[in-house]
Every structure is written in C-alpha cells, then in structure tokens.
Amino acid sequence: EEIYVKMLLMFGKCKLPDEATLLFEMMVVEDKIIPSLEAFTALLSAYMNSKRTRTAFELFAHMKELPVYQPDVYVYSLMIKGCCEGGLFDQASRLLVEMQDSGVEPNTVTYNTLIDAFGKVGMLSQMEELFTHILKTGTCKPDIWTWNIIIKHYGNRGNIEKMEEWFEMLQAAGIEPDQVTFNTLVNAYGRNGLFAKMKSVVVYMRKYLYNVDEVTFNSMIEAYGRGGMVEEMSRTFSAMKRGGVKFTAFTLCCLISTYSKHRMWDMVEKVRRQWQNSDLAPDVALYNSLIHAYRRAENFEAMEAAFVEMENKGLLPDEITYTILIEAYKSQQLEDKADQFLREMKALQAHRR
RNA sequence: UCCAGGAUUUCAUGGU
C-alpha cells in the first residue's frame, strides 16, 4: 500500500487527478487492499493539488460518514487549506471548530496553513496576531516553517524592513534558519530589486555551507530577468550550469520569457536547444512561454508547431495556452480559429468541475 | 516497543 500512496502523491504532483482516482480503484478492486486513512489522505491531496476542490470535498464528506475513516489532523489541515485557497474563510473556521469538537486538536501544520492563508490575501496583521496568539497561549509550537511563511509574505508584499525584523527575531529565538529561509530571502530581495542584498545572501549561504540549489538560482535568474538585467541573467544561468546545478523547466521558462520580451529570438532558440538536449519532463508552463515567444515574434508557423508538439507530448493546454493562441489569431483577424480555441477552452473548464 | 508511509513554507508562462 505504501507504494500506492507514493504513486497517488506522484499523480497529485503531476496534476493527474483522474489517474489518481483510477489507481485508487485499482488498489481496492484488483489488489483487494483495504485503503488506510493515509491512502485516502493521499488521494485527497492529489485532488487538492490538481484544484479538484469539489471532488475532494465530496470524498471528505463521504469519509466522515464511515466510522473507520474519521478525519484526523492531517485530513483537516488539508481541507482547511482547500477552503482557504478557494477564499472560503468561513468554511475554514467552521472546519477548525468542527475538528476540535470531534476531539482532533489542530497542530503546528494546521496553524501554518492558516497563517499562510492570511498572508496570501494580504491580511498581514491577522497573520501576526495568529502567530502571537499561538505563541502566548502555547496552543502549539511554531516551527521553522511558521517563520519562513511569515518572512515570505513580508517579502512578497515588499515590506523588507518587516521581513528583516522577522528574520532577526527568528535568530534571536534561537532557531536555525534553513535552506528555505535563505531561498525566501534571495527571492524577496530579488523581486524587490535589491540585487546587492540578494547576492550577499548567496555569499552567506556558500560560506556557511547551505546548499545553493536550483531554487536559489531560479530566483536570481527571475529577478535579473524582471529587472531587465539580461546580461546578468545569462551569466547567472551559466554559473548555475558550471556549478553543476541542474536547471528546471522553471529556469528555462524565465529565460525564454525574458529573451522574448527583449526580442532576442536567437537566444530563445538557444534555450530551446538546451531544453531539447535535456531530460526535462514535458511542462505546460514552459510550452506556454515558448508559444508566447513565437507569438511575439509573429512567427505563427513556429507557434502552431510548438502547440502541436506540446499536445503530442501528451500535455493538456491550459487557460494560459488558449489565451495566448486566441489573442494571436484575433490579432491576425483569424476569428474562426480564435473561436475554435475559445470553445476548446470552455470545454476544458467544463470538464474540470 | 521501535521504525516507516499521508497534511503546511521558498521559484515561472497569457490577459497586464
């Protein structure tokens, strides 16, 4: 069963909810395994990752009717996350009450989920209040994730002073920052154009033997790209490869977007060749950036070819893909084709409910 | 009894 659970999680990561459902049924029917609560949690999480919130909640309701599958703190934390992501804060707080009523105590993960949810919608004072509340009441012990979440949200909102303040408080509390903490700082400084500080964090990381990984490099590459520092971006990409850090779809997506924004078509092709020579799994966002690059270049044959290639690789276009194509065809007065893709997009959206 | 397996954080693409 552990293998099934691992595979369910894989499907969730790859956003393949239907495959997850099939696998789960296979496990029950063919291998006659009585699924554990963990298996159900894995299935729920696959649905959540694939934004099949409704399916997840149906399963959740079903589980509650079965005495052996009474949700535990894992399941409740996951469902609370689902509510928050759908903007259903009332329902989230109802679940929080419900879990306590049924004797399941929320833990650090549950509160981290809520703290992150406040941050995501910009309710930073509520975010802080919740943090001090759990600290004061001793409801649960904040962990490094809690701090990382708060640091991230101040960084994302451009409040660098607050971010640094929280980073210092973290250290003052005697907690060791981790890889994620530093990557969060690199990302925050980068997105706010503070390139010197960004670089100094990386220097610090190297000095104290934290892993400078693909997330670190991706943040820098993205930051330079956004800031129009194309040369610096290219150099960082080279440094990444020289350092033996494997680039990801994310890396190439940043590069292609920036090069195409600066109409550097030869560089787009260069990235594309490195992509072809790599063993990266097919990726929708990466194809989207390429399709958009060809649309910018008004190279519509290449755009269509990239779209066909994407479908041949078994990838389903998403709303972004369709939007790019529809805009492209509209700009060429090809209303029929634009309409056709509009219908396909609507069909996709309908299928997902 | 111990161990393992499920939940939360850092990163991209269109409309902008």
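Reminder, nothing fancy here: chain letters follow the sequence lines and each chain counts from 1.
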Under 4.0 angstrom, heavy atoms only, what part of the nucleic acid is [X] near: base, sugar-phosphate, or nothing?
X       : answer
A:Leu37 : base
A:Val5  : sugar-phosphate
A:Ser77 : base

Spacing between [X] atom [atom1] and [N] atom [atom2], to the nearest angstrom:
X        : N     : atom1 : atom2 : answer
A:Glu38  : B:A7  : CD    : C1'   : 11 Å
A:Leu130 : B:U8  : CG    : C1'   : 13 Å
A:Tyr111 : B:A7  : OH    : P     : 21 Å
A:Ile115 : B:U10 : CD1   : P     : 14 Å
A:Met63  : B:G6  : CE    : C1'   : 10 Å
A:Tyr76  : B:U8  : OH    : C1'   : 18 Å
A:Asn112 : B:A7  : CG    : P     : 14 Å
A:Met7   : B:G6  : CE    : P     : 15 Å

Could you check whether [X] pairs with [Y] (Lys NZ or Arg NE/NH1/NH2 to Asp/Glu carboxylate O, under 4.0 Å)?
X        : Y        : value
A:Glu85  : A:Lys81  : yes
A:Glu309 : A:Arg272 : yes
A:Arg54  : A:Glu58  : yes

Problem set entry | A:Trp145-B:U8 aromatic stacking (under 5.5 Å, under 30°) |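 So A:Trp145 counts as stacking on the base.
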What nucleotide, of [options], holds the atom closest to the side chain of [X]?
X        : options            : value
A:Glu222 : B:U13, B:G6, B:A12 : B:A12
A:Lys81  : B:G6, B:A12, B:U8  : B:U8
A:Thr323 : B:U8, B:G14, B:A7  : B:G14
A:Asp72  : B:U13, B:G6, B:U10 : B:G6
A:Ile149 : B:U9, B:G6, B:A7   : B:U9
A:Ile320 : B:G5, B:G14, B:U8  : B:G14
A:Glu2   : B:G15, B:A12, B:G5 : B:G5

For this session: Sequence neighbours left out, what passes ring-ring contact (aromatic ring centres under 6.0 Å, His included) with A:Tyr259? Give chain and number order.
Result: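 Once residues adjacent in sequence are excluded, A:Tyr259 has no partner under the ring-ring contact (aromatic ring centres under 6.0 Å, His included) criterion.
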Exercise. Is there side-chain contact between A:Leu185 and A:Met163, with at least one heavy-atom pair below 4.5 Å?
Worked result: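 With C-beta onward as the side chain, the pair touches.
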For this session: Would you jot down, in residue-number order, the residues of residues 255-284 of chain A having a non-hydrogen atom under 4.0 Å from RNA chain B?
Result: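 A:Ser257, A:Asp283, in order of number.
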Exercise. When you measure from every atom of RNA chain B, which of residues 182-192 of chain A have a heavy atom less than 4.0 Å away?
Worked result: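 Result for residues 182-192 of chain A: A:Asn183, A:Thr184, A:Asn187, A:Arg191, sorted by number.
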For this session: Would you mind telling me which of A:Tyr210, A:Tyr208, A:Tyr189 makes a ring pair (Phe, Tyr, Trp, His ring centres under 6.0 Å) with A:Phe182?
Result: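 Filter result, single survivor: A:Tyr210.
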For this session: Answer yes or no: are there more than 12 heavy-atom neighbours, outside A:Lys241 itself, under 6.0 Å from its atom NZ?
Result: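 Yes, NZ of A:Lys241 has more than 12 neighbouring heavy atoms, counting only those of other groups under 6.0 Å.
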For this session: Determine whether any donor atom in the side chain of A:Glu327 lies under 3.5 Å from an acceptor atom in the base of B:G15, or the reverse, and answer yes or no.
Result: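 Side chain to base: no pair below 3.5 Å.
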For this session: Indicate whether OP1 or OP2 belonging to B:U10 is found under 4.0 Å from a side-chain N or O atom of A:Lys152.
Result: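 Affirmative; the distance criterion is met.
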Exercise. A:Arg226 side chain N/O closer than 4.0 Å to the phosphate oxygens (OP1, OP2) of B:U13?
Worked result: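 Yes, such a contact exists.
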Exercise. Can you list the steps and then say if A:Val104 with A:Gln70 is a side chain to side chain contact (heavy atoms under 4.5 Å, CB included)?
Worked result: CA-CA 10 Å; A:Val104 180; A:Gln70 286 309 297; over 6 Å; no
Exercise. Which of these, A:Leu88, A:Val75, A:Val109, A:Leu96, sits in a side-chain contact (heavy atoms from CB on, under 4.5 Å) with A:Ile80?
Worked result: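 That would be A:Leu96.
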Exercise. So A:Tyr224 and A:Phe195, would you call those rings parallel, tilted or perpendicular, with 30° and 60° as cut-offs?
Worked result: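 Correct class here is parallel.
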For this session: Please report the closest heavy-atom contact between A:Ile256 and A:Ser289, naming both atoms and the distance.
Result: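 What the structure gives for the nearest pair is CG2-O, 3.6 Å.
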